[in-house]
Amino acid sequence: MPIITLPDGKELNFLKEVTGIEISKKISKSLAKDALIISVNGELRDLYHIIKNDCYVKIFTSKDPEGLEVIRHDAAHIMAMAVQELFPGTQVTIGPVIENGFYYDFARKEPFTSDDLKKIEKRMSEIIDKDIKTRREVWEREKAINHFKKIGEKYKAEIIESIPKNEELSIYHHGDTWHDLCRGPHLVSSGKIGKAFKLTKVSGAYWRGNSKNEMLQRIYGTGWATHKDLESYLKRIEEAEKRDHRKLGKEMDLFHFREESPGSVFWHEKGWSLFRKLINYMRAKQDAAGYKEVNTPEVLDRLLWEKSGHWEKYGANMYTTQTPDEKVFAIKPMNCPGHIHVFNQGLKSYRDLPLRITEFGKVHRYEPSGSLHGLLRVRAFTQDDAHIFCSEDQITSECLNVTNLILDIYKDLGFENVILKYADRPEVRVGNDDVWDKAEESLLKAVKETKLEYTINKGEGAFYGPKIEFVLRDAIGRDWQCGTLQVDFNLPGRLEASYIDKSGAKKIPVMLHRALFGSLERFIGILIEHYAGKFPFWISPLQTVVIPISEDFEDYAKIVYEKVKKAGISSFVDLKKHNLNYKIREHSLAKIPILLICGKKEVDTNSVTIRRLDSNKQENMELKSFIKKFSALNKIS
RNA sequence: GCCCUUGUAGCUCAGCUGGUAGAGCAAUUGAUUUGUAAUCAAUAGGUCCGCGGUUCGAAUCCGUGCGGGGGCACCA
């Protein structure tokens, strides 16, 4: 006679064992209709799971994340069922729920086409219409393995073999013809999935995520509680596509890529102007924060990389070059060794610490061809890199300084939403535990003092020290990992860095690796997408276009252009033989923040009429005041 | 690197089952002189990604190489 306690504390008494279906019926008619899944003492179960004892129960509908997850999970199963009906001989493997949807990996010789996706979708729809029932069974391990082997599902058999022996093996039957090994839980019948789903793409995926294994075919789908949710998801995707930095980069004439150098950027004037502005801005910030900017060679002898450990650990990703005298050099993939050598020049005292060495260093890394992605993943990029040489007791304060600098800079560029990822000691590491204790404590303290949201990634630190990664959230809610701060007890010693401490003893400094944006190239890609190409005035590559209303006012427009330009505001005067409307449209599409319109009125009053991007309000201002106001925006604070 | 997919004018894209290319925008020229998101007309523009093959004939079919895209793996 179970007593069922609901989330609001209400208790329901039943005379005999019950299921979630009966409980929801007892609560309300609408819940009986909407119920998808139940949790019993915190564990998710099928609605038809039989409850014999007193327990806490919560019933979930499609409005709950748990409900949505089951919808997606069932959609994955029904997709697999549809695929096996349509394409006999296809083997199933795994099919989990992911963000916004689900996928299922199949083993089949012939590739699935986009037409196949439509067919599969249609078949899923039919299965959902039939509202076939779900049934759970628990099988013996041997029985399950033999069964799946017998029906030719070698992947499933392999999965079962890898499941710990003490775990229960559940088989879910969907109707009478199809079943799958699955932990569950699942919906009571296929009709509950609804129709707010769509198969989105096919791709390759390695069996068990290992590139040594064979490649399977993965079909992705997105699934939602309502059609409205599906529509708004698809809209979001469309929105993101419009912001794609590769598209905007071309449209706005910022940069291009070409075959002759895959993964390397050809910066055009406008894109490079953005680049220079960012660097100048950071220079000012770093100067103020006590950094010393240096520049180190791009090509360095192989022997150096062997000594630093890069040759062995990172060699596969390094570009090498051979000179006519047959010496082997590597193009730097990182700046750290160079900076240590700068540090090593001249004897250092504890009074020189912390010594903050920074460089806008261009590094080259041979990334796998398949990983290249516009500006976001390139083979040649500029790091806003720095290495801070300090003593152990300076770690906390230096980490805090770095963190504050990073947050300050992100804020100025329009990213207020930042989270941190803190990673501590990995199993394989160098240095003794005392030092690690100290390093982790110092770094974590800095993390806590930021008062920002943070996650702890256990054991994910670098082998030479713990690290923080700075993740920013863009205008449409996507997360990007940019800045990084790592504590290093290893490399300075390897490359013989030392300083003389207070007592006159020679010591090895701790080195903090730190990057603000990480890669300038990548960061500009993120910026483009964050602002959808509509940059704030101060970083905008072309800030103003002067437009005369007719030929009669060209002379005045030229004067305005000269004066504006002289005041440090980038400008262009459009003297083409097009009418005003045409030019406004053209330059608005080019995302120029300010258009300066010049006609009779402006000539008479020595003024300009300002048209801001995405606003059709007209704002007349004396030319002098315009220049004063807007050139002030260009000043780096 | 792996799987799928894709490469046509400066850009965006048509070109069905093989008969050596077309539109819109941009460009150029001319007319229009415009007060807040496309004035009209004419002209010019192409090694159909490279190489090889099948064929009387290839942008189209096949092979291969190189790029791009979507994923997977990778991102020290």
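Residue numbering restarts at 1 for every chain, and letters A, B, ... go by the order of the sequence lines.
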J.: Considering only the C1' atoms, how many Å lie between B/rC61 and B/rG22, rounded to the nearest integer?
T.: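 Result for the C1' pair: 23 Å, nearest Å.
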J.: Name the nucleic acid region contacted by A/Y582, choosing base, sugar-phosphate or nothing; use a 4.0 angstrom heavy-atom cut-off, strictly under.
T.: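 Sugar-phosphate contact only - A/Y582 comes under 4.0 Å of backbone atoms but never of a base.
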J.: Counting N and O atoms only, with roles assigned by atom type, does the side chain of A/Y366 sit under 3.5 Å from a partner on the main chain of A/G315, one being a donor and the other an acceptor?
T.: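 A pair under 3.5 Å: no.
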J.: Base, sugar-phosphate, or nothing for A/Y220, non-hydrogen atoms under 4.0 angstrom?
T.: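 The answer is sugar-phosphate, as A/Y220 gets under 4.0 Å only of primed atoms, P, OP1 or OP2.
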J.: Regarding A/I547, tell me which of base, sugar-phosphate or nothing describes its non-hydrogen contacts under 4.0 Å with the strands shown.
T.: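 Result for A/I547 = nothing.
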J.: Salt bridge check: are A/E619 and A/R611 linked by an N-O gap of less than 4.0 Å?
T.: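 The answer is no: the pair does not qualify as a salt bridge.
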J.: Sticking with atom C1', work out how far B/rU60 lies from B/rC48, rounded to a whole angstrom.
T.: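 After rounding to an integer number of Å, I get 10 Å for this pair.
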J.: For A/E269, look at atom CD and say whether over 12 heavy atoms of other residues, nucleotides or ligands are found less than 6.0 Å away.
T.: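 For A/E269, atom CD is not crowded (no more than 12 foreign heavy atoms under 6.0 Å).
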J.: Of the options B/rA73, B/rU33, B/rG68, whose atoms approach the side-chain atoms of A/S371 most closely?
T.: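 Closest of the options to the side chain of A/S371: B/rA73.
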J.: Under 4.0 Å, counting only non-hydrogen atoms across every strand here, what does A/K600 touch: a base, just sugar-phosphate, or nothing?
T.: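 Contact class for A/K600: base.
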J.: Using the P atoms only, state how far B/rA59 lies from B/rU20, rounded to an integer number of Å.
T.: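 Those two atoms are separated by 10 Å.
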J.: Ignoring hydrogens and angles, tell me if any N or O in the side chain of A/T605 forms a donor-acceptor pair with the backbone of A/K601 under 3.5 Å.
T.: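 Yes; at least one donor-acceptor contact below 3.5 Å.
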J.: Among the candidates B/rG1, B/rU33, B/rG7, find the nucleotide nearest to the side-chain atoms of A/P368.
T.: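 Side chain of A/P368 sits closest to B/rG1.
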J.: Side-chain donor or acceptor of A/Q217 under 3.5 Å from a matching atom on the base of B/rG71?
T.: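 No, the side chain and the base share no sub-3.5 Å donor-acceptor pair.
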J.: Expressed as a whole number of Å, how far does the C1' atom of B/rU28 sit from that of B/rG45?
T.: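 Pairwise C1' distance, B/rU28 against B/rG45, rounds to 10 Å.
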J.: Please give the distance between the P atoms of B/rA41 and B/rC25 as a whole number of Å.
T.: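 Rounded to whole Å, the distance is 10 Å.
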J.: Base of B/rG1, side chain of A/Y206 - is there a donor-acceptor contact under 3.5 Å?
T.: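 Yes, a donor-acceptor pair under 3.5 Å.
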J.: Side chain of A/K201: nearest nucleotide among B/rC72, B/rG70, B/rU36?
T.: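 Nucleotide nearest to A/K201's side chain: B/rG70.
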J.: Among B/rU12, B/rA37, B/rU34, find the nucleotide with the atom closest to the side chain of A/D614.
T.: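 That would be B/rA37.
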J.: For A/N213, answer base if it contacts any base atom (sugar-phosphate contacts may also be present), sugar-phosphate if it contacts only those atoms, and nothing otherwise; contact means non-hydrogen atoms under 4.0 Å.
T.: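 No contact at all - A/N213 keeps every heavy atom at 4.0 Å or more from the nucleic acid.
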J.: Can we call the ring centroids of A/F255 and A/H268 under 6.0 Å apart?
T.: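 Between A/F255 and A/H268, the centre distance exceeds or equals 6.0 Å.
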J.: Using a 4.0 Å heavy-atom cut-off across all strands, classify A/E619 as base, sugar-phosphate, or nothing.
T.: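 Answer is nothing: A/E619 stays at 4.0 Å or more from every strand.
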J.: OP1 or OP2 of B/rG1 less than 4.0 angstrom from a side-chain nitrogen or oxygen of A/S369, does that happen here?
T.: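 Affirmative; the distance criterion is met.
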J.: NA contact type, A/R218, heavy-atom cut-off 4.0 Å: base, sugar-phosphate, or nothing?
T.: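 Sugar-phosphate, no base atom in range.
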J.: Using the P atom as the point on both nucleotides, what is the distance between B/rC40 and B/rU32, in whole Å?
T.: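 It works out to 16 Å between them.
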J.: Please check if the number of heavy atoms outside A/K565 that lie under 6.0 Å from its NZ is greater than 12.
T.: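 Open: at most 12 neighbouring heavy atoms sit under 6.0 Å from NZ of A/K565.
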J.: Mind checking if A/K583 touches a base, just sugar-phosphate, or nothing, with heavy atoms under 4.0 Å?
T.: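 No contact.
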J.: Any base atoms under 4.0 Å from A/R246, or only sugar-phosphate, or nothing? Heavy atoms, all strands.
T.: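 It contacts sugar-phosphate atoms only.
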J.: Students often get this wrong, so: under 4.0 angstrom with heavy atoms, is A/T609 touching a base, only sugar-phosphate, or nothing?
T.: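 Base contact - A/T609 has a heavy atom under 4.0 Å of at least one base atom.
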J.: So A/H373, base contact, sugar-phosphate only, or nothing? Heavy-atom distance under 4.0 Å.
T.: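 Here A/H373 touches the backbone only, sparing every base.
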J.: Distance between the C1' atoms of B/rG46 and B/rA21, in whole angstroms?
T.: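 Each nucleotide's C1' atom is 8 Å from the other's.
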J.: C1' atom, B/rC62 versus B/rA58: distance in rounded Å?
T.: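 That atom pair is separated by 11 Å.
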J.: Please report, rounded to the nearest Å, how far the P atom of B/rG68 is from the CZ atom of A/R377.
T.: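 The answer, rounded to whole Å, is 14 Å.
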J.: Under 4.0 Å, counting only non-hydrogen atoms across every strand here, what does A/G309 touch: a base, just sugar-phosphate, or nothing?
T.: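 It contacts nothing in the nucleic acid.
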J.: Categorize A/S550 for me: base, sugar-phosphate, or nothing, with a 4.0 angstrom heavy-atom threshold over every strand shown.
T.: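 Base contact.
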